[in-house]
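What you are looking at is a predicted structure, and each value in this text was computed from that prediction instead of being measured.
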Amino acid sequence: NARSPVFDNPDHGPAREYATTVDGERLTLCFGDLHKHSEISRCGRFDGHIEETYAYARDIRRLDFMQSTDHAEHQNGHDWYVTRKYASLFDCPGAFVAFAGYEWTSEFNRGDNLREGHYNPTFLTHGDNLPCVSASATDGNTPPKLWRRLRESLRPGDDVITIAHHPGRREAPLDWRYYDPDMSPLIEIAQARGSYEYHGCPDAEPRYNDTARLRGHLVQDGLARGYELGFVGGGDHSGRCLAAVFAPALTRRAIFDALRRRRCYATNGPKIVLDIRLDGHFMGERFESAATRHTLVVTALGRSIQQVDVWKDGRVVHREEGRARDAVQFTYLDASRPDRRESYYYVRVIQDGMGMAWSSPIWVRHTHVEPRVCLYVDDKVVETVQPATMVRLPILVRNELARAATAQIEIEVPPDWQSDWRSRRIEVPAEWWAEVHVELQAPPPPYEGARAIRITMTSEAGQAAFEVRFAVGPRAGDARPAA
């Protein structure tokens, strides 16, 4: 569908008055953008003055909160002072919340900092003790160094989280080796460059530059590792994606605490309402259960909803047809037998016009299921590749056991494809993961239909298999063979 997303009128509709109750506390739905740039970021993308950025979010888009996140690598001490002062100026509890932050950008090839990811620190307070950590500095050029600098700066009453974005952007992918659940509880699943849900996912947001995706670095790849990541959207440069937050009050403390607890979800612009509960647990929560069945209750409100998808462990397990309704409410009973000890569920909404929303996941630990060794390969779409090109396919093994495990990986490729990798034995640390990459060369013309690459894993916990399908297509300008 080539139409733009349906942007709800900000002055009325369900999003302006929606509230819910969680654990006896009334929570109101608030919308905002935690990733906006101004002229302080010297990217040549013509972002406005920082004052205009806050005013536009508050007065034109009618958002409830916003954060300016200019590149730390482009800032000096005065710029960071100005950023914090404008946040203090625009912050008005009960009317509009302004956070101070910046973007830690491991991309500018200074300080040996390439390909470590991008993170936006979000500070609870605006104090002068808060550092603007550059990824170009040798004491801040990796995520662990960033997190250490931030922790060391905090005074009583301060707090900070960091939010990763465009994890699968080929020019600056997120490095999954770095994970700190306290410092990084959230990830931008959608922003100006589009959705990073999984390889080949629906992408409603316009792409404007350097948007090629890198397999193995999408959001579901992080979830498959057992990382507990809530979802938000962010505008970045000129984008409209939003973070939706359930909070008891419109204050910095209330919004920040809700973000840390992952009581939030993402949209690519429309103010869609999305409320999900799994066995009574709200989005962002983690719980243990000995139950063999789980009940998911979903409420989705927004213009012309086409479908609502229930995701579990990287698969759509239920699709509720919206039929262009403005309200979709249903209960899904999952009676399937768990194939792993820990599972996650989340919900994705798609509107007519490709407006979208993604709830933060809910995680359940099945206490009646023995820990497993799990295989994950992103196999959801048939990817078209050019003839005789190399394809790099990531294979993830996650070990739920409390001890190290060994897994045997076997690869079966069609006879017209080339690969020197058929079998490999890998060691996986206790309660952690390991990733290997298979390089495959697509065949030359003539062009054939889709071909399946079969990956099988054998371990002490059993066997698992995936099939990834590729189609070989022509280069631009190539003539197709006659039928």
Side-chain angles (χ1 to χ4, degrees), residues 30-43 45-48 50 52-54 56-58 61 63-75 80 83-84 86-87 90 96-107 117-124 132-133 135 143 146 160-169 172 174 183-197 205-211 219 229-245 252 255-256 258-260 262 264-269 271 356-358 360:
C30 307
F31 287 89
D33 190 345
L34 295 167
H35 187 179
K36 292 301 291 182
H37 289 268
S38 75
E39 85 289 353
I40 294 174
S41 292
R42 299 188 298 274
C43 302
R45 293 190 173 101
F46 308 105
D47 296 297
I50 187 170
E52 297 170 338
T53 303
Y54 276 114
Y56 184 85
R58 181 191 63 187
R61 294 196 73 189
L63 299 182
D64 300 303
F65 58 92
M66 200 208 87
Q67 174 174 248
S68 183
T69 56
D70 288 303
H71 297 290
E73 298 70 29
H74 294 168
Q75 298 195 47
W80 179 225
T83 297
R84 289 183 287 109
Y86 269 113
F90 276 90
F96 182 77
V97 168
F99 288 99
Y102 53 86
E103 178 174 334
W104 181 90
T105 314
S106 66
E107 184 180 347
H118 289 200
Y119 290 86
N120 292 345
T122 296
F123 294 97
L124 172 61
C132 186
V133 181
L146 166 67
V160 63
I161 58 174
T162 61
I163 303 173
H165 58 275
H166 55 56
R169 179 174 162 232
L174 194 66
M183 288 298 294
S184 195
L186 302 172
I187 193 168
E188 270 184 18
I189 193 170
Q191 58 127 248
R193 294 172 177 84
S195 169
Y196 289 86
E197 186 179 8
E205 194 75 8
R207 299 180 176 189
Y208 65 86
N209 71 343
D210 63 357
T211 58
V219 170
L229 300 167
F231 298 160
V232 292
D236 204 344
H237 297 280
S238 73
R240 297 185 61 92
C241 297
L242 295 175
V245 176
R252 259 188 289 148
I255 298 294
F256 184 93
L259 290 167
R260 179 173 285 289
R262 299 183 295 264
C264 53
Y265 61 92
T267 89
N268 66 351
K271 293 180 179 177
M356 299 176 73
W358 301 259
S360 283

- Message: Test of understanding: with side-chain hydrogen bond (donor to acceptor under 3.5 Å, both in side chains), list the residues that count as partners of T83, not counting sequence neighbours.
- Response: none
- Query: Parallel, tilted or perpendicular: which describes the rings of H71 and H37, with under 30° parallel and over 60° perpendicular?
  - Reply: tilted
- Task: Quick one: sort the W80 and Y102 rings into parallel, tilted or perpendicular, breaks at 30° and 60°.
- Result: perpendicular
- Task: Determine, step by step, whether M183 and L146 satisfy the side chain to side chain contact (heavy atoms under 4.5 Å, CB included) criterion, reporting the C-alpha distance in whole Å, the side-chain angles of both residues, the deciding distance to 0.1 Å, and the verdict.
- Result: CA-CA 10 Å; M183 288 298 294; L146 166 67; over 6 Å; no
- Item | Under the side-chain contact (heavy atoms from CB on, under 4.5 Å) test, residues paired with A98 that sit two or more places apart | Y54, A87, F90, D91, F96
- Reported CZ-to-CG distance for the pair F99 and L124, which is rounded to 0.5 angstrom: 7.0 Å
- Item | Any H35 side-chain heavy atom under 4.5 Å of I163 side chain | no
- Across all chains, not counting sequence neighbours, the side-chain hydrogen bond (donor to acceptor under 3.5 Å, both in side chains) partners of E197 are Y346, R348, W358
- Message: Just so I know, are the side chains of L34 and L259 near enough to count as touching, which here means a heavy-atom distance under 4.5 Å?
- Response: yes
- Item | Straight-line distance of H237 NE2 to T69 OG1, nearest 0.5 Å | 8.0 Å
- Hey, mind stepping through Y196 and E188 against side chain to side chain contact (heavy atoms under 4.5 Å, CB included) and telling me if it holds? CA-CA 8 Å; Y196 289 86; E188 270 184 18; over 6 Å; no
- Note on the structure: Taken to the nearest 0.5 Å, the spacing of S68 OG from R84 CZ works out to 13.0 Å
- Item | Those residues that, when tested against D33, pass side-chain hydrogen bond (donor to acceptor under 3.5 Å, both in side chains) (two or more places apart) | none
- Message: Under the criterion side chain to side chain contact (heavy atoms under 4.5 Å, CB included), I'd like the reasoning laid out for L63 against K271: C-alpha separation, chi angles, the key distance, then a yes or no.
- Response: CA-CA 10 Å; L63 299 182; K271 293 180 179 177; 4.1 Å; yes
- May I have the step-by-step check of side chain to side chain contact (heavy atoms under 4.5 Å, CB included) for F231 and L186, ending in yes or no? CA-CA 6 Å; F231 298 160; L186 302 172; over 6 Å; no
- Item | Pairing residues for S184 by the side-chain contact (heavy atoms from CB on, under 4.5 Å) criterion, not counting sequence neighbours | Y119, W147, T162
- Message: Suppose we screen for side-chain contact (heavy atoms from CB on, under 4.5 Å). Which residues come up paired with T53, at least two apart in sequence or across chains?
- Response: K36, S38, M66
- Task: Kindly give the heavy-atom pair with the smallest separation between G269 and L242, and that separation in Å.
- Result: O-CD1, 3.4 Å
- Would you find a donor on one side and an acceptor on the other, under 3.5 Å apart, between the side chain of S360 and the backbone of C264? yes
- Query: Closest approach of V160 and F256, non-hydrogen atoms and distance?
  - Reply: N-CZ, 3.6 Å
- In short, S41 meets D70 closest at the heavy-atom pair OG-OD1, 2.7 Å
- Item | Partners passing side-chain contact (heavy atoms from CB on, under 4.5 Å) against A244 (at least two apart in sequence or in another chain) | L29, F31, Y265
- Task: Return the set of residues passing ring-ring contact (aromatic ring centres under 6.0 Å, His included) with H166 (not counting sequence neighbours), or none when no residue passes.
- Result: H118
- Decide yes or no for T105 and H74: does some side-chain heavy atom of the first lie under 4.5 Å from some side-chain heavy atom of the second? no
- Message: Going by side-chain hydrogen bond (donor to acceptor under 3.5 Å, both in side chains), name the residues that satisfy it together with R260, two or more places apart in sequence or in a different chain.
- Response: D159, D182
- Query: What's the shortest heavy-atom distance between G239 and R61, and which atoms?
  - Reply: O-NH1, 4.3 Å
- With distance as the sole test, does N268 use its side chain to make a donor-acceptor pair with the main-chain N or O of M356 at under 3.5 Å? yes
- Task: Kindly compute the distance separating OG (S106) from CG (L174), expressed to the nearest 0.5 Å.
- Result: 8.5 Å
